[in-house]
Amino acid sequence: MNKFYITTPIYYVNDKPHIGHAYTTIAADVIARWHRLKGEDVFFLTGTDEHGEKVETSAKKAGKLPKEFVDNIVGAYKYIWEKLNIKYDYFIRTSDSSHVKVVSEIIKKIAENGDIYKGYYEGWYCVSDESFWTELQLVDGKCPSCGREVKKVKEETYFFKLSKYQNKLIDFYNKNQKFLSPNFRSKEIINRVNDGLKDVSITRTTVKWAVPFPLDGSHYVYVWVDALCNYISAINWPHGPEFKEYWPADIHLIGKEINWFHSVIWPAMLFSAGIEPPKMVFAHGWWTVDGKKMSKSLDNFVDPILMVDKYSTDAFRYSLIREMPLGDDGDFSEKAIVSRLNNELVAELGNLINRVLTMAERFEGKIEGEAELDQKLNIGKIDSLMEDVDTFNALNEIFVFIKATNKYISEKEPWRLQGRELSNVLYNLLEASRIISILVYPFMPNTGAKIANQLGIEVGTIDDCTFREWTSKVKKGELLFKKFIQ
RNA sequence: AGCGAGAUAGGGUAGUCUGGAGUGCCCGCCGGGCUCAUAACCCGGAGAUCGGUGGUUCAAAUCCACCUCUCGCUACCA
């Protein structure tokens, strides 16, 4: 049996979950569910990133210990994933003792390989933003974020010899074309790596809510190094059976803003520690909201919970996937959700199932016939799109089949038919509906299950997506989707 | 500044890698058909110098050059 290991980033607990988090996780869930339908041994990982200065500060403000503080917020993430029908296999937390131990072990491995050395980090620090900037980033010598004065800081730190891996990375990218995905992002990374790599600072002395640095008691591991290790700590590197089973990861699905860490620093760390790198890092795009960038000043972060309560989990999942190809940027608007819900989910899919079931229920006698509609179904194409992580076009292709099925009804005019002719049309419609229930399931699990239920069957697998004998008895239920009227 | 992405009918998109009649999809608009169905479904139509200029080619949305505009990234902030 093929294994399939997919991950989302671990989300920083200081942020409130918004549409960006929801999108990544929904996309990963859709892909994971598709692979499960193919009968693969799937491991889908998500979790939370809980260390760092901001969390430390927020906890202090809330009058809590960091651990108490994050325990609270983790619940919010788990709740939202439940609302969105996310079926993850494991939820990793960077504050888990098992994870902390792995981070420490990895650092030791890297050090054994001679890739860690002590030095000084020099940079510019903005007190009001509490953030570090490089010389290049400063605007007129001032903080690029708030425009205020910055002060030069010099701090003892340990470095990871990233520069050592420049050639090895380029070689790796060339040999593994799919690693940098989608394709257009590969140039971005390759050019920058070719421009030269600087060693990266991997410890801090000021932040205490972090993994203790195993080589020096006065240092703590920088959060990014800590965070990246989650992908192997979650499967119990180095000796766990899960690690042997699932590593290397098939897909790290991430947002484009953290591509550098996943496509450059992470594989370099793994090279150094003697661990195989993942097969693919897929960086997806960003959402604007009603044409505007999401920002704190506009306070226009979309709350997924509100969307789900208003439009249903499936309509929300569907809208996000249908709106844009996974790698691109796109715009989110409630207007678009309403439009897709009313025109596509209600009018095309929901209405199709409803009319098919109405006719099938009225028919008395055995439903049998010859497959005709199967010509409109290209399951191979859909699967190969899904293999290419092209959820957008795969979903499009599924709707091509749904439309073809609607068209088949008007062409055959079953209301004019009876007996064997009618039976034949109904046979095709029911088989098409059965297959639709399977295809739609990874995208809209509730809907797929509801369709199957009304057809009197269980949701099948990808192997079941061929026309065969109809044996079940249908029982029409409530409408799949209801039109949303403002 | 460097690197990268994008500009396709009224709006939104796909197609561009691997050149072949402006080909597809959604919304909106106009007309028709149907009555199984959630005023849903189906068919037809109007609407585009495929950002601009030049080039390669029998042939360019697609390849090349330059230009204009929009957006992202630039490593120690997750």
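Just so it is clear, the values below take in all heavy atoms, side chains as well, and ignore hydrogens, waters and symmetry mates. In what follows, chains carry the letters A, B, and so on, assigned in the order in which the sequence lines appear, proteins first and then strands, with residues in each chain numbered from 1.
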Sugar-phosphate, base or nothing in reach of A:Glu344, heavy atoms under 4.0 Å
sugar-phosphate
Separation of the C1' atoms in B:U70 and B:C29, to the nearest angstrom:
29 Å
Inter-nucleotide C1' distance (B:C43, B:C34), Å rounded
10 Å
N/O donor-acceptor pair under 3.5 Å between A:Lys54 side chain and A:His51 backbone
no
Just checking A:Gly52: base, sugar-phosphate only, or nothing, at a heavy-atom cut-off of under 4.0 Å?
nothing
By a strict heavy-atom criterion of less than 4.0 Å, which residues belonging to residues 220-233 of chain A are in contact with RNA chain B?
A:Tyr222, A:Val223, A:Trp224
Inter- and intrachain pairs under salt bridge (charged side-chain N to carboxylate O under 4.0 Å, His left out), touching residues 173-183 of chain A, at least two apart:
A:Asp171-A:Lys175, A:Lys178-A:Asp388
Quote, to the nearest angstrom, the P distance that separates B:C25 from B:C66.
37 Å
In a table with atom names and distances, give each donor-acceptor pair under 3.5 Å that connects a side chain of residues 345-354 of chain A to protein atoms at least two apart or in another chain.
from     : atom 1 : to       : atom 2 : distance (Å)
A:Glu348 : OE2    : A:Lys403 : NZ     : 2.8
A:Asn354 : OD1    : A:Lys476 : NZ     : 3.2

Between A:Glu372 and A:Lys412, does any NZ, NE, NH1 or NH2 come within less than 4.0 Å of an OD or OE carboxylate oxygen?
yes
Check nucleotides 7-18 of chain B against the protein and report each pair of N or O atoms closer than 3.5 Å, with its distance, or say if there are none.
from  : atom 1 : to       : atom 2 : distance (Å)
B:A14 : OP1    : A:Asp328 : OD2    : 3.2

Contact list (N/O, under 3.5 angstrom) for nucleotides 1-6 of chain B vs protein:
from : atom 1 : to       : atom 2 : distance (Å)
B:C3 : O3'    : A:Asn191 : ND2    : 2.9
B:G4 : OP1    : A:Asn191 : ND2    : 3.2
B:G4 : O2'    : A:Glu188 : OE2    : 2.9
B:A5 : OP1    : A:Lys187 : NZ     : 3.0

Salt-bridge test for A:Arg93 and A:Asp71: reply yes if a basic N is under 4.0 Å from a carboxylate O, no otherwise.
yes
Between the main-chain N or O of A:Leu373 and the side-chain N or O of A:Asn428, is there a donor-acceptor pair closer than 3.5 Å?
yes
Neighbours of RNA chain B within residues 410-424 of chain A, by heavy-atom distance under 4.0 Å:
A:Ser410, A:Trp415, A:Arg416
Which class fits the ring pair A:Trp224 and A:Phe261: parallel under 30°, tilted 30 to 60°, perpendicular over 60°?
parallel
